[in-house]
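What follows is a set of notes on a single structure, which appears directly below.
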Amino acid sequence: MIEMTPILEKNGVKPLYMQLANYIKQEILSGSIRCNEKLPSKRALANYLGLSVNTVMSAYDQLSAEGFVVSKPRQGLYVAALEDDIAAGQVYLEPYKVKSIQNQKPIQIDFNSGKVDLEYFPYAIWRKLTIQSLYEDQGELFYNGDRQGELQMREQIAKYLYASRGVRCSADQIIIGAGTQMLIGLLCLMIGKGHTFALENPGFHRTRAVLQDLGTRTIPIALDEEGIDLKQLKNSKASIAYVTPSHQFPFGMIMPISRRMELLKWAEDNNGYIIEDDYDGEYRYKGRPIPSLQGLDTKGNVIYLGTFSKSLIPSIRISYMVLPQKLMEKYREHFTIYKQTASRLHQQTLYLFMKEGYWQSHLNKMRTLYRRKHAMLMSAIKKHLGDKVNVIGANSGLHIVLNVKKKMAEEELIRLAMNVGVKVYPLSIYYHESDESLDSRVLLGFGGLSESEIDTGIRLLKEAWGL
Ligand SMILES: Cc1ncc(COP(=O)(O)O)c(C=O)c1O
């Protein structure tokens with residue numbers, strides 16, 4: 001049957017049959033329903049649209065009277081061939097379509113830093129727990145849940161954060177959200193748009209985008225080998241600093257304890273806040289763990305952000321923030337009006353996954369796996385690219401920055417890689433001003449690739465870049 005999806009107002013000013021006739025007319029004029037096409041029978045269309053047969057019949061009579069359709073005996077109604085001048089002057093909006101990029105070599109190996117390993121994802125367990133969540137709650141999960149996120153899951157997160165990241169909090173201080181950007185947006189409203197936010201430069205572009213789109217003032221602060229440059233931060237007018245101390249995004253340095261203490265002191269002196277984004281702190285390949293800023297903070301100046309996007313799967317859209325006392329009070333006073341954005345069913349499933357110990361064993365398995373992939377990446381780089389490149393930020397996380405010693409622009413590196421079916425990623429987007437980007441550097445994520453794909457990918461890059 002011809003696809004028809006009219007929006008009809010049951011209690012509209014125009015009778016239903018007229019609304020339907022007008023809709024079909026527009027479809028004919030725009031070419032969505034073509035000339036000589038057969039219209040559905042009255043009964044079929046009435047059933048499909050949940051209308052009475054009489055309504056459809058009246059609409060068809062109207063179309064017939066206006067000459068848009070003709071009846072063929074014992075066959076049904078057909079769209080009439082229209083005179084050119086009927087359609088003349090009718091200018092319809094083109095439906096919006098995203099232009100596809102053609103003539104591109106298919107991507108064989110994608111060094112996307114947002115991907116995680118799916119081969120070892122415990123599908124069967126996740127399926128079982130999803131079904132169990134639905135049974136256990138007898139439909140309750142289909143209603144809106146706690147605005148902060150499901151309490152039992154927050155309790156599991158609080159326990160996990162203390163044990164593995166040294167974060168001290170109760171479940172009541174945790175707010176769940178469907179992604180870090182959602183949480184940053186809410187946080188920005190809570191802190192107040194009047195404040196100036198200092199952002200690492202280069203830094204996480206999605207945080208910068210939300211803050212700027214919400215109208216806050218952002219100041220780029222350069223990095224040194226330990227992370228955000230404190231001298232510059234102190235000289236800025238900022239009172240809020242957003243940082244990624246466990247694994248600076250994108251350069252990967254781990255902020256040492258001394259810098260963490262200095263940063264905490266800065267927040268205290270400025271009566272400000274530090275937003276600590278610990279997006280992939282679970283994966284560390286060298287050195288001893290350094291406590292989170294939140295765990296070191298004694299003044300309540302740190303907001304801790306975390307996510308399950310890297311440690312579990314990105315599409316689950318469960319991220320969280322841990323608020324200090326002062327902000328928690330603000331949240332309770334003014335912000336509980338905002339409903340929870342993460343799916344209740346996924347939260348319940350994640351709660352069961354954590355409670356029954358699957359989360360811990362999944363993390364352990366992933367740590368071993370990513371350590372192996374990371375080692376493979378390092379050895380493939382050594383084997384194929386040797387001293388023609390150096391690696392930046394290789395001590396933790398699921399991505400590295402590759403610095404090619406040959407003078408080549410970022411776009412050229414990306415384009416040449418694409419020619420051999422390998423996708424590598426730009427760094428320029430992480431700078432406040434795009435012309436600040438340094439040439440000859442690209443970002444490589446390895447979480448979603450197998451060890452053999454990693455090796456092949458690096459070998460192909462050598463070929464593509466002529467190293
Ligand atoms: C710096 C940084 N923060 C946070 C995230 C996580 O974002 P989300 O929680 O929206 O998936 C990412 C990417 O995964 C990231 O690179």
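As the structure lists them, so they are numbered: ligands from 1, and atoms in each ligand from 1.
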Taking all non-hydrogen atoms of both residues into account, name the closest pair between Val116 and Ser309 and its distance.
-> CG1-O, 3.6 Å

Taking ring pair (Phe, Tyr, Trp, His ring centres under 6.0 Å) as the test, write out the residues that go with Tyr285, two or more places apart.
-> His374

Who pairs with Phe308 by ring pair (Phe, Tyr, Trp, His ring centres under 6.0 Å), at least two apart in sequence or on another chain?
-> Tyr320, Trp359

Can you pull every nitrogen or oxygen pair between ligand 1 and the protein closer than 3.5 angstrom?
{"residue": "ligand 1", "atom": "3 (N)", "partner": "Asp277", "partner atom": "OD2", "Å": "2.6"}
{"residue": "ligand 1", "atom": "7 (O)", "partner": "Thr180", "partner atom": "OG1", "Å": "3.3"}
{"residue": "ligand 1", "atom": "9 (O)", "partner": "Thr180", "partner atom": "N", "Å": "3.2"}
{"residue": "ligand 1", "atom": "9 (O)", "partner": "Thr180", "partner atom": "OG1", "Å": "2.7"}
{"residue": "ligand 1", "atom": "9 (O)", "partner": "Thr307", "partner atom": "OG1", "Å": "2.9"}
{"residue": "ligand 1", "atom": "9 (O)", "partner": "Ser319", "partner atom": "OG", "Å": "2.7"}
{"residue": "ligand 1", "atom": "10 (O)", "partner": "Thr180", "partner atom": "N", "Å": "2.9"}
{"residue": "ligand 1", "atom": "10 (O)", "partner": "Arg317", "partner atom": "NH2", "Å": "2.9"}
{"residue": "ligand 1", "atom": "11 (O)", "partner": "Ser309", "partner atom": "OG", "Å": "2.5"}
{"residue": "ligand 1", "atom": "11 (O)", "partner": "Arg317", "partner atom": "NH1", "Å": "3.0"}

Does Phe249 have its ring centroid less than 6.0 Å away from the ring centroid of Tyr430?
-> yes

Side-chain polar contacts of residues 381-393 - donor-acceptor pairs under 3.5 angstrom, sequence neighbours left out - could you list them?
{"residue": "Lys383", "atom": "NZ", "partner": "Asp455", "partner atom": "OD1", "Å": "3.3"}
{"residue": "His384", "atom": "NE2", "partner": "Asp455", "partner atom": "OD1", "Å": "3.1"}
{"residue": "Asn390", "atom": "OD1", "partner": "Asn403", "partner atom": "ND2", "Å": "3.1"}

Return yes if a side-chain donor-acceptor contact under 3.5 Å exists between His362 and Tyr120, otherwise no.
-> no

